[in-house]
Amino acid sequence: MSLTAIALMRNALAELVVIVNANSGINKLSKTDIVNLYMGKSCKFPNGLMALPIDLKNSDIEKAEFYSSLTGKDLPEINSYWARLHFSGFGSPPVQAGSMDDVLNIVSENKGAIGYIDRKKIDKRVKLIYIVNPLP
């Protein structure tokens, strides 16, 4: 694939950002913090608040971009990881939301929720804490 095609595809994607509830007390998280929450290695934010990671459904290209950017893994690898953990009783995958609007609503209504959406969808109910894929 040419660099021009990759650049065009990149511009068509949303600028993904990680958000939390505006009243969560969280101002920023590191990439490692976010990976640990989304991969079930941690269930609390650094301030001790229980975390509720919200994920997009598997068919969303943004979900693939989110995991690829943060973990370097594709969705089949992520799904396999969660299947192994779930089967062995060591965890359950993040809550699935049907759309970015659903993610925004869930995060805005739950103090401990964390999610990822297109930066353009942010409103005052949530706080941006990490930029997943900054656009050029």
Side-chain angles (χ1 to χ4, degrees):
M1 185 177 289
S2 74
L3 291 176
T4 304
I6 292 170
L8 288 173
M9 285 177 51
R10 178 100 164 116
N11 288 335
L13 292 175
E15 182 178 24
L16 293 178
V17 296
V18 178
I19 58 168
V20 293
N21 184 287
N23 299 314
S24 67
I26 306 296
N27 292 315
K28 75 177 192 173
L29 292 176
S30 69
K31 178 180 178 179
T32 300
D33 291 333
I34 295 165
V35 169
N36 287 343
L37 291 170
Y38 271 89
M39 300 304 288
K41 295 176 182 174
S42 178
C43 60
K44 291 183 180 180
F45 289 109
N47 69 358
L49 181 65
M50 289 297 295
L52 176 64
I54 309 299
D55 221 342
L56 290 169
K57 60 188 174 192
N58 279 335
S59 61
D60 287 346
I61 190 168
E62 292 86 3
K63 181 174 183 173
E65 173 72 14
F66 175 78
Y67 282 102
S68 175
S69 293
L70 290 178
T71 69
K73 298 181 185 312
D74 60 22
L75 285 183
E77 290 173 297
I78 296 297
N79 292 336
S80 176
Y81 169 86
W82 278 113
R84 285 191 309 274
L85 253 59
H86 188 69
F87 180 74
S88 64
F90 288 109
S92 295
V95 172
Q96 301 284 302
S99 69
M100 286 191 190
D101 289 331
D102 291 341
V103 172
L104 180 62
N105 289 328
I106 293 167
V107 171
S108 71
E109 294 169 2
N110 294 277
K111 189 174 181 180
I114 180 172
Y116 54 95
I117 61 172
D118 184 341
R119 186 179 199 147
K120 295 175 190 161
K121 293 190 173 285
I122 291 177
D123 63 30
K124 64 182 178 184
R125 302 175 297 162
V126 298
K127 188 184 311 180
L128 184 154
I129 58 163
Y130 186 84
I131 301 172
V132 176
N133 60 349
L135 294 178

Are the side chains of F45 and V20 in touch, meaning some heavy atoms are under 4.5 Å apart?
-> yes
For the atom pair CD (E62) and OG (S99), what is the distance rounded to the nearest 0.5 Å?
-> 10.5 Å
Take Y38 and I78 through the side-chain contact (heavy atoms from CB on, under 4.5 Å) test and state the conclusion after the steps.
-> CA-CA 10 Å; Y38 271 89; I78 296 297; over 6 Å; no
For residues L29 and Y130, determine if any side-chain heavy atom of one lies less than 4.5 Å from a side-chain heavy atom of the other.
-> no
Tightest non-hydrogen contact, residues Q96 and K57, listed as OE1-CA, 3.3 Å
Working to the nearest 0.5 Å, report the span between CG of L128 and OH of Y116.
-> 15.5 Å
Heavy-atom nearest pair, C43 first then L37, reads C-CD2, 4.3 Å
Only counting residues at least two apart or in another chain, list the ones meeting salt bridge (Lys or Arg N to Asp or Glu O under 4.0 Å) with R119.
-> E15
Got a sec, which pairs hit salt bridge (Lys or Arg N to Asp or Glu O under 4.0 Å) with one end in residues 122-134, sequence neighbours left out?
-> D123-R125
For residues N133 and S69, report the shortest heavy-atom separation together with the two atoms involved.
-> CB-OG, 4.4 Å
Pairs touching residues 90-113 that satisfy salt bridge (Lys or Arg N to Asp or Glu O under 4.0 Å), sequence neighbours left out | D101-K121
If we only count heavy atoms from C-beta on, is the M100 to K120 side-chain gap below 4.5 Å?
-> no
With Y67 via ring pair (Phe, Tyr, Trp, His ring centres under 6.0 Å) - residues at least two apart = none
Give, for atom CD1 of I114 and atom OG of S24, the distance between the pair rounded to the nearest 0.5 Å.
-> 8.5 Å
What are the two closest non-hydrogen atoms of P94 and P53, and how far apart are they?
-> CB-O, 3.4 Å
Is Y81 close to P93 at the side-chain level, that is, under 4.5 Å between some pair of heavy atoms?
-> no
Would you list the pairs meeting salt bridge (Lys or Arg N to Asp or Glu O under 4.0 Å) in which at least one residue belongs to residues 24-41, sequence neighbours left out?
-> none
Provide the closest heavy-atom pair for L52 versus V95 in the form atom of the first, atom of the second, distance.
-> CD1-CG2, 3.7 Å
Calculate, to the nearest 0.5 Å, the distance between atoms CG and CD belonging to L70 and E65 respectively.
-> 9.0 Å
Quick one: does D118's side chain have a donor or acceptor within less than 3.5 Å of a partner on L16's backbone?
-> no
Out of curiosity, I19 CD1 to I54 CD1, how far, rounded to the nearest 0.5 Å?
-> 9.5 Å
Gap separating the CG atom of N47 from the CD1 atom of I26, nearest 0.5 angstrom = 3.5 Å
For V103 and A97, work out which heavy atoms get closest and say how close.
-> CG2-CB, 3.6 Å
Side-chain donor/acceptor of T71 to backbone N/O of S68, under 3.5 Å = no
With the 4.5 Å side-chain cut-off for hydrophobic clustering, are I131 and L56 part of the same group?
-> yes
Any residue meeting side-chain contact (heavy atoms from CB on, under 4.5 Å) with S80, in chain and number order, not counting sequence neighbours | R84
Is there a path of hydrophobic side-chain contacts, each under 4.5 Å between heavy atoms of I, L, V, M, F, W or Y residues, that connects V18 with M50?
-> no
